[in-house]
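Worksheet: one structure, shown below.
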There are 2 protein chains.
Amino acid sequence: MSYNLKIMRTIKALQKFQHAIVAVDTVIFCVAENKLKILLIEMKRAPYTGKWAIPGGLVMPDESLEESVVRHLKTKTGLSGFYFEQLHAFGKVDRDYRGRVVSVAFLSLLSSDQVNLKTSADYADIKWFDVNRVPKLAYDHKEILATALLRLRARIGHTNVIGGLLPDKFTLSELQQAYELILGKTLDKRNFRKKILATKMLVETKEKFIGSFRPAVLYKFKDKKIKEVNIL
Amino acid sequence: MSYNLKIMRTIKALQKFQHAIVAVDTVIFCVAENKLKILLIEMKRAPYTGKWAIPGGLVMPDESLEESVVRHLKTKTGLSGFYFEQLHAFGKVDRDYRGRVVSVAFLSLLSSDQVNLKTSADYADIKWFDVNRVPKLAYDHKEILATALLRLRARIGHTNVIGGLLPDKFTLSELQQAYELILGKTLDKRNFRKKILATKMLVETKEKFIGSFRPAVLYKFKDKKIKEVNIL
DNA sequence: TCAAAAGTGTTCGTGCTACACCCATGC
DNA sequence: GCATGGGTGTAGCACGAACACTTTTGA
């Protein structure tokens with residue numbers, strides 16, 4: 001596979017034309033094992049061999065930014081059908097050693113039941129990391145991750161995006177745990193339940209989650225569409 | 001001047017390399033004559049002759065996105081020293097007839113005492129338009145403007161960005177008027193003053209604005225830096 | 001019967017909304 | 001002295017924060 005080589009040749013060629021080209025990168029969050037996690041890939045080719053990075057790639061002329069996100073994630077991670085939204089464009093001159101690439105970063109939320117990673121020949125490895133324990137990242141991906149975390153924290157207070165992190169049906173305790181992991185602080189159970197139910201975003205199902213202890217009512221989101229709601 | 005011709009040739013050449021290139025566009029708002037206004041330029045060259053557009057241009061490989069914004073606005077409008085922040089990247093495939101260009105849009109606020117427009121040989125005209133009466137716009141600039149307006153409305157409720165729209169010293173009535181123009185609704189004078197003063201963003205100066213009627217206390221922003229504050 | 005998580009209300013303080021009149025000045 | 005915008009306070013209500021015990025189940 002000479003995909004990376006091809007990219008490097010392309011970028012070199014572009015230098016002649018004196019213009020920046022576009023890539024997309026997607027910060028993918030997931031809640032699992034009581035942790036907020038992010039998906040990273042380990043790169044194979046020089047000059048980034050062994051470095052971890054947020055998955056992404058160059059944008060082709062016949063695809064929109066969103067189509068490019070879908071294509072890269074499908075081919076590099078095997079994932080599809082997830083929610084994502086645009087985060088920010090990163091355009092420092094030296095952010096990629098190989099040439100002038102402006103990256104439009106996206107923020108994506110995945111429920112743990114959607115996780116079904118495929119490995120790719122182009123990458124050494126692909127893994128979930130606790131957001132509090134990420135390895136050294138390539139390019140300016142540390143900055144992108146920091147921006148994504150800030151955005152995520154702000155968004156869950158004003159929209160129903162958090163639905164993307166949960167399975168179809170979930171208990172209020174699971175939902176509260178997701179909020180607590182993202183916000184990095186504990187919330188009062190009674191106040192949380194009052195506020196969440198007051199938003200009318202959720203509907204009670206007839207089912208219950210049967211664990212070792214008292215069964216919990218399962219809820220689902222009334223509407224999968226992302227909308228503005230005052231929550232916290 | 002063969003600048004546009006050069007761009008078209010560049011874009012054509014880039015098609016061969018199968019990658020998208022980057023531009024920046026800046027939506028510049030200003031309050032004047034009791035209206036919220038936006039700066040537009042009238043284009044000269046085909047295929048957009050006579051169309052109005054948001055000012056911007058391609059990003060060079062040796063400049064960051066922000067540096068590119070500054071350069072384009074300096075050369076195209078003569079403006080400098082203003083506040084701006086990133087808005088959104090627009091990347092539909094057909095947004096520019098000439099080729100595949102992804103535009104990173106910025107939002108800028110200008111105080112009327114900063115306005116000192118220069119005309120440029122590359123453009124037919126440059127003018128301020130009432131945001132409620134903009135002409136047909138080129139590219140996808142109608143969508144960019146709509147996004148900028150939504151963002152502006154959201155931002156003035158949570159940050160002190162509105163300072164960018166006002167002169168150094170201003171009366172509370174001027175500030176309230178700016179809010180009303182942006183939000184498109186009237187606000188209660190007593191409640192507005194209470195809330196604004198409660199944020200501690202402003203400091204009273206010793207000066208007064210002397211008009212035909214009762215003099216008004218002039219205020220200024222305590223801090224020019226943009227920060228998060230709950231306002232409305 | 002014990003361990004573990006589910007579920008439930010009230011009090012208090014803060015902040016938002018609605019609303020009307022007097023003040024200082026120039027003409 | 002009058003026209004014009006500048007400037008001020010209060011009462012009622014809704015919402016957020018703090019806080020502890022009972023219930024249900026499996027082992």
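Computed from heavy atoms alone, side chains included, the values below leave out hydrogens, waters and symmetry copies. Below, read A as the first sequence line, B as the second, and so on, with proteins coming before strands; counting in each chain starts at 1.
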Would you mind writing out the side-chain donor-acceptor pairs for residues 158-166 of chain B within the sub-3.5 Å range, not counting sequence neighbours?
residue   : atom : partner   : partner atom : Å
Thr159(B) : OG1  : Arg155(B) : O            : 2.8
Thr159(B) : OG1  : Val161(B) : N            : 3.3
Asn160(B) : OD1  : Lys227(B) : N            : 2.9
Asn160(B) : ND2  : Lys225(B) : O            : 2.9

Checklist outcome for this item: With sugar-phosphate taken as primed atoms, P, OP1 and OP2 and all else as base, the protein-contact string of nucleotides 12-27 of chain C at under 4.0 Å (heavy atoms; B, S, -) is -----BBBB--BBBS-
Side chain [X], main chain [Y], donor-acceptor under 3.5 Å:
{"X": "Gln86(B)", "Y": "Val104(B)", "result": "no"}
{"X": "Lys220(B)", "Y": "Thr205(B)", "result": "no"}
{"X": "Gln177(B)", "Y": "Asn34(B)", "result": "no"}

Next on the checklist: Going by ring-ring contact (aromatic ring centres under 6.0 Å, His included), name the pairs with one or both residues in residues 182-223 of chain B, residues two or more places apart or in two chains.
Outcome noted: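 Residue pairs with at least one partner in residues 182-223 of chain B: Phe170(B)-Phe221(B), Tyr179(B)-Phe192(B).
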How many Å lie between [atom1] on [X] and [atom2] on [N], as a whole number?
{"X": "Arg193(B)", "N": "dG5(D)", "atom1": "CZ", "atom2": "P", "answer": "14 Å"}
{"X": "Leu187(A)", "N": "dG16(D)", "atom1": "CG", "atom2": "C1'", "answer": "13 Å"}
{"X": "Asn230(A)", "N": "dA14(D)", "atom1": "CG", "atom2": "P", "answer": "17 Å"}
{"X": "Leu175(B)", "N": "dG5(D)", "atom1": "CG", "atom2": "P", "answer": "18 Å"}
{"X": "Phe209(A)", "N": "dA5(C)", "atom1": "CZ", "atom2": "C1'", "answer": "11 Å"}
{"X": "Phe192(B)", "N": "dG9(D)", "atom1": "CZ", "atom2": "P", "answer": "18 Å"}
{"X": "Gln177(B)", "N": "dG6(D)", "atom1": "CD", "atom2": "C1'", "answer": "15 Å"}
{"X": "Phe170(A)", "N": "dA6(C)", "atom1": "CZ", "atom2": "C1'", "answer": "16 Å"}

Checklist entry - How far apart are the closest heavy atoms of Leu65(B) and Phe90(A), and which atoms are they? => result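 Leu65(B) and Phe90(A) have their closest heavy atoms at CD1-C, 4.3 Å.
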